[in-house]
Amino acid sequence: MRRSAAIIAVLIMLLTVSSCANSEKTAEFFAMDTYMSVKAYGGGDAVDEAEALVFELERKLSITDGLSEISAVNEAGSAQVSQETAELVASALGLCELSGGALDISVYPVTRAWGFTAGEYRVPQEAELEKLLRLVDYTKVKVSGDTVSLGEGMLIDLGAVAKGYAGDRVTELLRSHGVKSAIINLGGNVQCLGRKPDGSRWKIGVQDPAGSGYVGVIEAEDEAVITSGGYERFFVEDGKTYWHIIDPSDGRPADSGLISVTVVGKSGLACDGLSTALFVMGKEKAAGLWRENGGFEAAFVTENGDIIITEGLSGRFTTSGGRKVSEVIRRDEN
């Protein structure tokens, strides 16, 4: 009887441990100007810590918080920041260089002039844009140790990489707590940790930029799936649509023939920045950057409604609503 009781006790203990390991916990909150959620299986208080981490990053990186580190840099033109912020600025500048300036963290004065920061939308006059474009040049942003310096009159904004970076940090935090399965949705920036508890891949919908629903679904594991689209923030004036993704070359909303770009890869930071850069570059230049550098996959939706994917997504991108993939970009093409 004692032996049977002992076996039963062990079985109960194992079942309890298993249940805790697979327990689901979700945090939903508003940060970085969007709704976010973190769902993890196991890990105890890791989800609460993840939420706190996102708010901590927002306090450092926000351009609308006058006490943030980025605001200090913008106000003084040069400021000492945390090592984390300095490294993030340096990484963002690397993406600016990689994209040939299609991504430029110093385009903020132009973005602000269009009203996308405060939601007070307007179409700037040509003379105003020409003046502001003189302040746009990521090569004049310098990082030396923990000091970030700008050219005279310049302003920076890390909005194109901040959520992707936050996803990376949250993933690292959850993993450090032993979490092996989690889904992190930071306002459309999705980061997957491992696979679903049942062992299958996560299925991430790619929103239809021209309406409701999805153009397709991407199967993912241990990677980020991040989309930039003109539908995310825009206004209409005199029948013309103006969206928030600005082309640093002319200071106007990007007009590249693309209306949605989804980037899939291991680094949320890189996927976030590249989704913006590729949107600005357009399909041909984006395909060239993908062929030359690799390390990520991409799905494009054109203004004509065509769906184009890089070959690494073949077999794990499924279209929706009767749509078909119009083109698969391959590495061996010229």
Side-chain angles (χ1 to χ4, degrees), residues 7-59 61 161-208 212-227 232 262-272 275 296-297 299 313 315-318 320:
I7 291 174
I8 292 172
V10 170
L11 286 173
I12 292 174
M13 181 180 69
L14 289 174
L15 289 171
T16 301
V17 170
S18 175
S19 175
C20 291
N22 291 312
S23 61
E24 173 190 321
K25 186 170 183 178
T26 302
E28 296 180 342
F29 51 95
F30 187 87
M32 296 185 177
D33 199 31
T34 190
Y35 288 97
M36 301 184 170
S37 66
V38 178
K39 179 185 291 186
Y41 297 86
D45 296 327
V47 168
D48 295 330
E49 291 184 31
E51 180 179 351
L53 173 59
V54 172
F55 283 116
E56 177 188 337
L57 292 173
E58 182 178 34
R59 286 191 292 271
L61 307 176
V161 297
K163 288 190 293 182
Y165 175 71
D168 288 337
R169 287 292 315 280
V170 168
T171 301
E172 292 170 2
L173 173 65
L174 296 178
R175 185 175 282 118
S176 73
H177 280 267
V179 176
K180 296 182 178 179
S181 178
I183 188 76
I184 303 151
N185 189 338
L186 306 185
N189 285 35
V190 178
Q191 200 113 352
C192 310
L193 172 54
R195 292 191 171 205
K196 295 170 67 175
D198 64 7
S200 63
R201 287 176 169 175
W202 299 97
K203 293 185 178 181
I204 313 300
V206 178
Q207 186 172 336
D208 183 350
S212 60
Y214 302 102
V215 296
V217 174
I218 294 174
E219 294 186 13
E221 63 175 299
D222 262 332
E223 57 195 342
V225 180
I226 297 178
T227 301
E232 295 173 322
T262 300
V263 179
V264 183
K266 294 296 184 182
S267 167
L269 188 163
C271 290
D272 203 1
S275 66
F296 67 94
E297 302 296 336
L313 290 183
R316 59 187 185 114
F317 181 91
T318 305
S320 304

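Annotation for A31 and V54: closest pair CB-CG1, 3.9 Å, computed over non-hydrogen atoms. Between E51 and A27, the shortest heavy-atom contact is OE1-CB, 3.7 Å. Between T34 and G187, the shortest heavy-atom contact is OG1-CA, 3.3 Å. When every heavy atom of A299 is checked against every heavy atom of F317, the shortest pair comes out as CB-CE1, 4.3 Å. For Q191 against G268, the heavy-atom pair with the smallest separation is OE1-CA, 3.7 Å. Across all non-hydrogen atoms, the minimal contact from C192 to I204 is SG-CD1, 4.0 Å.
Judged purely by atom type and a 3.5 angstrom limit, S181 uses its side chain to pair as donor or acceptor with the backbone of R195. A donor-acceptor pair is defined here as one N or O able to donate and one able to accept, closer than 3.5 Å; such a pair exists between the side chain of E223 and the backbone of E221. Judged by distance alone, the side chain of E219 and the main-chain N or O of R316 form no donor-acceptor pair under 3.5 Å. In this structure, D208 contributes its side chain and G213 its backbone to no donor-acceptor pair below 3.5 Å. Judged by distance alone, with hydrogens and angles left aside, the side-chain atoms of W202 form no donor-acceptor pair with the main-chain N or O of I218 at under 3.5 Å.
R169 has its side chain within reach of L57: a pair of non-hydrogen atoms, C-beta onward, lies under 4.5 Å apart. Taking 4.5 Å as the limit, some side-chain heavy atom of L193 sits within range of a side-chain heavy atom of T171.
For K203, the NZ atom sits in a loose shell: 12 or fewer heavy atoms of surrounding residues, nucleotides or ligands are nearer than 6.0 Å. Counting heavy-atom neighbours within 6.0 Å of K25 NZ, excluding the residue itself, gives a total above 12.
The CZ atom of R175 lies 5.0 Å from the CG atom of D222; values are rounded to the nearest 0.5 Å. Here the straight-line distance linking atom NZ of K163 with atom CG of D168 works out to 14.0 Å at 0.5 Å rounding. Rounded to the nearest 0.5 Å, atoms NE2 (H177) and CD (E172) are 12.0 Å apart. Atom OG1 of T318 sits about 10.5 Å away from atom CG of L313, to the nearest 0.5 Å. To the nearest 0.5 Å, atoms OG (S212) and CD (Q207) are separated by 9.0 Å. The OG atom of S37 sits 8.0 Å away from atom CG of L186, with the distance rounded to the nearest 0.5 Å.
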Exercise for review: Could you walk me through whether I226 and V263 pass the side-chain contact (heavy atoms from CB on, under 4.5 Å) test, one step at a time?
Suggested key: CA-CA 5 Å; I226 297 178; V263 179; 5.5 Å; no

Exercise for review: Decide side-chain contact (heavy atoms from CB on, under 4.5 Å) for E49 and L173; before the verdict, give the C-alpha distance in whole Å, the side-chain angles of both, and the deciding distance to 0.1 Å.
Suggested key: CA-CA 8 Å; E49 291 184 31; L173 173 65; 3.7 Å; yes

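The aromatic rings of F29 and F55 sit tilted relative to each other, their planes meeting at an angle between 30° and 60°.
No option in T26, N185, L174 other than L174 meets the side chain to side chain contact (heavy atoms under 4.5 Å, CB included) test with V38.
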